[in-house]
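Shown next, in structure tokens, is the structure this report addresses.
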There are 2 protein chains.
Amino acid sequence: MKKIKLKSIALSEISIKDSFWNRYIDLVDEIIIPFLWELINDNVEGAKKSHCIQNFKIASGKEQGEHQGSIFQDTDVSKWLEAVAYSLAKKRNPKIEKMADEAIELIAHAQCEDGYLNTYYTIKGKERWKNLFEGHELYTAGHLIEAAVAYYEATGKAKIMEVACRFADYLCEVFGKEENKIHGYPGHPEIELALVKLYRRTGKKEYLELANYFIRTRGEKPCYFLSEDCIKNKNYHFAEFEDFDLDYCQAHMPLMEQTTAEGHAVRAVYLYSAMADLAYEYQDQDLFLQCEKIWNNIVGKKLYVTGSIGSASYGERFTTDYDLPNNTNYSESCASIGLAMFSSRMFQITRDGKYMDVVENALYNTILAGISMDGRHFFYVNPLEVVPEIAEKNPTMRHIITTRQLWFGVACCPPNIARTLASLGNYIYSLDENIIYVNLFVASKVTAQLGGDCVELEMQANYPVDGEIKVAISLEKSKNKFTVAIRKPGFSNKVLVKVNGQVASFICDKGYIYIEREWEDKDEITISLDVAFRYVHCNPKVRDNIGKVCVMRGPWVYCLEEVDNGEYLSSIVVDTSKEIEEEYDPSLLNGLLCAKLKGKKIDYSEVKPVLYDEGKPQYIEQTFKAIPYCSWNNRGKGEMLVWMKEME
Amino acid sequence: MKKIKLKSIALSEISIKDSFWNRYIDLVDEIIIPFLWELINDNVEGAKKSHCIQNFKIASGKEQGEHQGSIFQDTDVSKWLEAVAYSLAKKRNPKIEKMADEAIELIAHAQCEDGYLNTYYTIKGKERWKNLFEGHELYTAGHLIEAAVAYYEATGKAKIMEVACRFADYLCEVFGKEENKIHGYPGHPEIELALVKLYRRTGKKEYLELANYFIRTRGEKPCYFLSEDCIKNKNYHFAEFEDFDLDYCQAHMPLMEQTTAEGHAVRAVYLYSAMADLAYEYQDQDLFLQCEKIWNNIVGKKLYVTGSIGSASYGERFTTDYDLPNNTNYSESCASIGLAMFSSRMFQITRDGKYMDVVENALYNTILAGISMDGRHFFYVNPLEVVPEIAEKNPTMRHIITTRQLWFGVACCPPNIARTLASLGNYIYSLDENIIYVNLFVASKVTAQLGGDCVELEMQANYPVDGEIKVAISLEKSKNKFTVAIRKPGFSNKVLVKVNGQVASFICDKGYIYIEREWEDKDEITISLDVAFRYVHCNPKVRDNIGKVCVMRGPWVYCLEEVDNGEYLSSIVVDTSKEIEEEYDPSLLNGLLCAKLKGKKIDYSEVKPVLYDEGKPQYIEQTFKAIPYCSWNNRGKGEMLVWMKEME
């Protein structure tokens, strides 16, 4: 852990112009944010009513009625507002800002005298803080605070920050080690990382200390949750919680003793993100080591190749090492977002590229797979293998939805994806003292203070279709000495670095290429990464992937779809001794780089109509077409497969 | 369908002396029946209390207290009593008969004035017949009636028959097409086949007609269940029933329109058994054709190679054609028993050996796998692939128990297995006019009336270890003309038939070898079946078994266990071009014929500690040892695998 962490660059200083990413980012700004506004206002025909805004109207006395929706329904408004904030940070938009201010007005009105804010508890008149295990009050508070900080940073408008600070001040009065305070912590972490953000924005140490209290107290024996009514008297808000042990919410032992990722995946990674924040803020090497151990456990034993986590639907949770089933997994979009949050924090305090490799993997695969290319439909669960008929008729897979939906019962994913895409710039660049880090290869322009001067970097990339990335430097003064650090992804064994067309020397350290020199205006760095298609094997301790391979290109995982390859994808055997051919198909979903694979497939026309016999099936040689996983399910419902059988 | 169905031979006329089967049957008589008596009396330390007998004591006013256990807890007593009956039919045993009479006394006392009998409803004072969808009243009645008929046939004691007839008479008053009667039918079928048994024993046509009414009314629109409070007001006894559609209990359409097996597997096969009974009794060719279509759907598309059914745990149900996952399936022991019941009925009315093939498959694999070799531990769920660590830590598999248990929350399987084993003789032989059918190759003696005379057949067999079966004939008079029909199992392509050592001619029809002649005393038939080990492939429409094989010997399915082959069984690839070697291991579980398979396995010592990379794992050539599936999990907890990867 370094003494000083990397900084983000303000989103207003980054402008993304990337053929791949703008397809999604523009959707967020132009389609998803206005669309989600209509959704939370219940104006979308055919979508399940969210009641989000209506709940705030009722809580603030503007309307009559009952609270509807889930116990944490408010968070959809907060996540939407956070997405709006990042969008406005890049480019003010009066129409959207008006929506946001309208929402903020309502939120402020719904806040109680003492600072408490939660429409579910307020409208229902439920007693506060009596069910920290399941009640989601602190989780909901956390999302509000995150949104407030983002909106203030984007617009400079203080109103929502005042709401957030009043709420946080109130929380500091309620929770803490003092005898007259509650000695609990949230069942669903989120408040911890939010309080750190609020502390960093306001400088108010109490917020950091409360986050620290939550982290340090969690899992202490006897566990606080055991004292609550819901567990003591089996009086659960969510019936299934009766089946869940304390590891479901990472409270089975103190965090200083936890070394493996356990329980509900979203809870886990939100918690680990806060742990990383606090390890840095308190320069606590021991806590940092815990973060490293847990991160290593995820990435070494519990991570899907598509950058997703959560092997089981029941409990939406981690299960055990090397248990990565492809068709019954949960792999929630939000969990991948949380994993990116945790990993990017680890990167910021270590400068180790392996963390950004994971961020990139999550972003280019599961997070993007979460939204349709029209921006209006979302996946919550992200399997690596789907047979629609079976997913629809076998209740073991009842959590698997075979086409993206407009909205969900628990709708955390759409606004969570939106806020992530809207703030993509935060992942692309980071800033150290006199070093600019280029973490992701997304065509964009950035301005930053380096060597006491304002420097502009313009990155040209068509990644990962193309492995060549150009970074052009514009200076205000004629010369400026600083370092450009460019990530060398783990998959790229070869790398060639040129400056102004000449092979340049560089230092490579922990996955970053450091080029330190006295730059001149119009200098251009060219980095050539190896993004050739490659076959990837899984550790054979993962039983579901034994004898299988998947295709990757750069961070992209590829998959087979029924529309290209017919049904029974799992009868395909690819011949990995043959080269993978590239085929750019401009007609496919606005243009896709496809992989053509040689292999064989069972000839189903020859299959006898009996269930068991002594004959081996016949195969036919064939060429198969794979597309990036993030683009699947944009051409109707059908089978999909990531891990393919491999010829011996 | 034939005009006259085959008859069973009284169990008192059959004596089984088989080295394989007596291991289990003797357990039933000597261990399981007395042990289950202790269990239902709550006298077994360490086992979950059943409250079965206690409920009857409370209902009959002998004790005070509340009903405890499930809504259908009474059926455990009935199934136990039925098992006792079959055991006594073979050999009276005063000690056990005393237990049974004691239970009958209690049952009779618990019967209401009007004939109704159900401790749950009586003790709780719940209104009768208000929840046919979930209430299990008719299901519970059915098991009582089955037990009563069996006990009367075994002992001639009328008391329990009187109870059953009073109950059935009452049911005839309550249910039926008349306007003043209830027009419903049970959510869980069972009463239908029980009423047919009662009709066959008593000759009382009303019982048959009520069974017929239940069958003919089922699924008619509007569905009766939709009129009940539980569905109308979402007021469920079992919370999960809210998720279940009408096909869960085969009431989604009239049975005359159903052509596929749907819903809860045990319900389904109990229902189809009754359909077959009624098709025969009413000589209804159309209903028989429905039975055939449904049976073909099961056996052609929904049957595990181990003779089990029910691909999903949630709903314990059929899912869709060719969906046969190996490690998340339900495959309840009771469903295999029900499948054997349905199939043997189809055999009795068709004389087609294909039905007995399925009976044999269920008996030799899943039904036996349901009990441990000590007779004291039971499986409810029977997966074909288990990795204990994953089954225990991934909640998708929370229904999979990794070692047999003493008792279960819903404890239908142990007494159901017991009654099946105790009545095995009913499956071994059947009688036609002047033909004796030998269906299963279980060493035994039988006496039957053939050609107007008493004939004794003595079958010698060590099947399926050995394919040679001898049947010696003893006559009272010197000559007697009748037919011996011996099943030629579907797996045995070759068959050699000799009489007194001379190759004999025979007619083979629908899987039976008919030898008609004038027999002389001491004649001996020898049948040589091909029981050599064989590799069996699954239809590749079953995605989970593509590229895999299993080993069979006769009806036995073999499996690999961790104790013999190490962990990571799914990394084993067998070379099916090499012959399977036999190895008799006398030290293994009282002697087991093992299969030795050549192949290779991943060398885990060479596996790199990363989750994903570009290298292919290394394999080591090895020989593997497989044992019969029915004997698995008798040497401690460990991995188990039926379908093995096959070398290309």
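A, B, ... follow the sequence lines: proteins, then strands. Residue 1 opens every chain. Everything numeric here is computed off the predicted structure, so don't read it as measured data.
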Problem set entry | Validation row: B/Phe624, B/Leu560 side chains within 4.5 angstrom (heavy atoms) | yes
Exercise. Side chain, backbone, both or neither: which part of B/Arg534 has a heavy atom under 4.5 Å from chain A?
Worked result: side chain
Exercise. Between A/Lys645, A/Arg543, A/Lys302, which shows the greatest number of heavy-atom pairs under 4.5 Å with chain B?
Worked result: A/Arg543
For this session: Taking A/Glu562 for its side chain and A/Gly638 for its backbone only, find out whether a donor-acceptor pair lies under 3.5 Å.
Result: no
Exercise. Side chain, backbone, both or neither: which part of B/Pro617 has a heavy atom under 4.5 Å from chain A?
Worked result: side chain
Seminar exercise, completed: Among A/Thr328, A/Val387, A/Asn327, the residue with the most heavy-atom pairs under 4.5 Å to chain B is A/Val387
Exercise. Is there a side-chain contact between B/Lys293 and B/Asn296, using heavy atoms and a 4.5 Å cut-off?
Worked result: no
For this session: Answer with side chain, backbone, both or neither: which region of B/Leu324 has an atom nearer than 4.5 Å to a non-hydrogen atom of chain A?
Result: side chain
For this session: Select, from B/Val299, B/Thr396, B/Asp323, the one with the greatest count of heavy-atom pairs under 4.5 Å involving chain A.
Result: B/Asp323
For this session: Give, as side chain, backbone, both or neither, the part of B/Lys616 having an atom under 4.5 angstrom from any heavy atom of chain A.
Result: both
Exercise. Going by heavy atoms in the side chains, are B/Gln622 and B/Lys600 under 4.5 Å from each other?
Worked result: no
For this session: Look at the rings of A/Phe241 and A/Tyr248 and say which category their plane angle falls in: under 30° parallel, 30 to 60° tilted, over 60° perpendicular.
Result: perpendicular
Exercise. Do A/Phe318 and A/Asp247 have side chains that get closer than 4.5 Å, going by heavy atoms?
Worked result: no
Problem set entry | Region of B/Ser313 that comes under 4.5 Å of a non-hydrogen atom in chain A | backbone
For this session: Taking the six-membered ring of A/Tyr314 (Phe, Tyr or Trp), confirm whether the NZ or CZ of B/Arg398 is under 6.0 Å from its centre and within 45° of its axis.
Result: yes
Exercise. Residues two or more places apart in sequence or in another chain: which of them pass salt bridge (Lys or Arg N to Asp or Glu O under 4.0 Å) with B/Glu292?
Worked result: none
For this session: Against chain B, label A/Glu392 side chain, backbone, both or neither, depending on which of its atoms sit under 4.5 Å from a heavy atom there.
Result: neither
Exercise. Got B/Val386 and B/Thr402 here, is their nearest side-chain heavy-atom distance under 4.5 Å?
Worked result: yes
For this session: Starting from the C-alpha separation in whole Å, work towards a yes-or-no answer on side-chain contact (heavy atoms from CB on, under 4.5 Å) for A/Ile309 and A/Ile298.
Result: CA-CA 8 Å; A/Ile309 47 177; A/Ile298 294 175; 3.8 Å; yes
Exercise. Picking from A/Lys301, A/Lys541, A/Lys393, which has the most non-hydrogen pairs under 4.5 angstrom with chain B?
Worked result: A/Lys541
For this session: Would you please classify the geometry between the A/Tyr604 ring and the A/Tyr568 ring as parallel, tilted or perpendicular, with 30° and 60° separating the classes?
Result: parallel
For this session: Check each atom of B/Met647 against the heavy atoms of chain A and say whether the ones under 4.5 Å are side chain, backbone, both or neither.
Result: both
For this session: Heavy-atom distances under 4.5 Å only: say whether B/Val607 touches chain A with side chain, backbone, both or neither.
Result: side chain
Exercise. Side chains of A/Val642 and A/Glu385: does their closest heavy-atom pair fall under 4.5 Å?
Worked result: no
Exercise. Which one, A/Pro325, A/Ser311, A/Gly615, leads in non-hydrogen pairs under 4.5 Å with chain B?
Worked result: A/Gly615
Problem set entry | Per-residue contacts, residues 544-557 of chain B versus chain A, heavy atoms under 4.5 Å | B/Ile546
For this session: Compare all side-chain heavy atoms of A/Trp295 with those of A/Tyr355 and state whether any distance is below 4.5 angstrom.
Result: yes
Problem set entry | Engaged part of A/Val542 at the chain B interface, taking heavy atoms whose separation is under 4.5 Å | side chain
Seminar exercise, completed: Applying a strict 4.5 Å limit to non-hydrogen atoms, the region of B/Val536 in contact with chain A is both
For this session: Can you tell which part of A/Glu262 gets under 4.5 Å to a heavy atom of chain B, answering side chain, backbone, both or neither?
Result: neither
For this session: Run the ring-centre check on B/Phe533 versus B/Tyr558 and record whether the distance is less than 6.0 Å.
Result: yes
Exercise. Taking the side chain as C-beta and beyond, is there a heavy-atom pair between A/Ile602 and A/Val573 under 4.5 Å?
Worked result: no
Exercise. In terms of heavy-atom proximity below 4.5 Å to chain B, should A/Ser570 be classed as side chain, backbone, both, or neither?
Worked result: both
For this session: Among the options B/Ala239, B/Gly490, B/Pro395, B/Pro609, pick out the one with the most heavy-atom pairs lying under 4.5 Å from chain A.
Result: B/Pro395
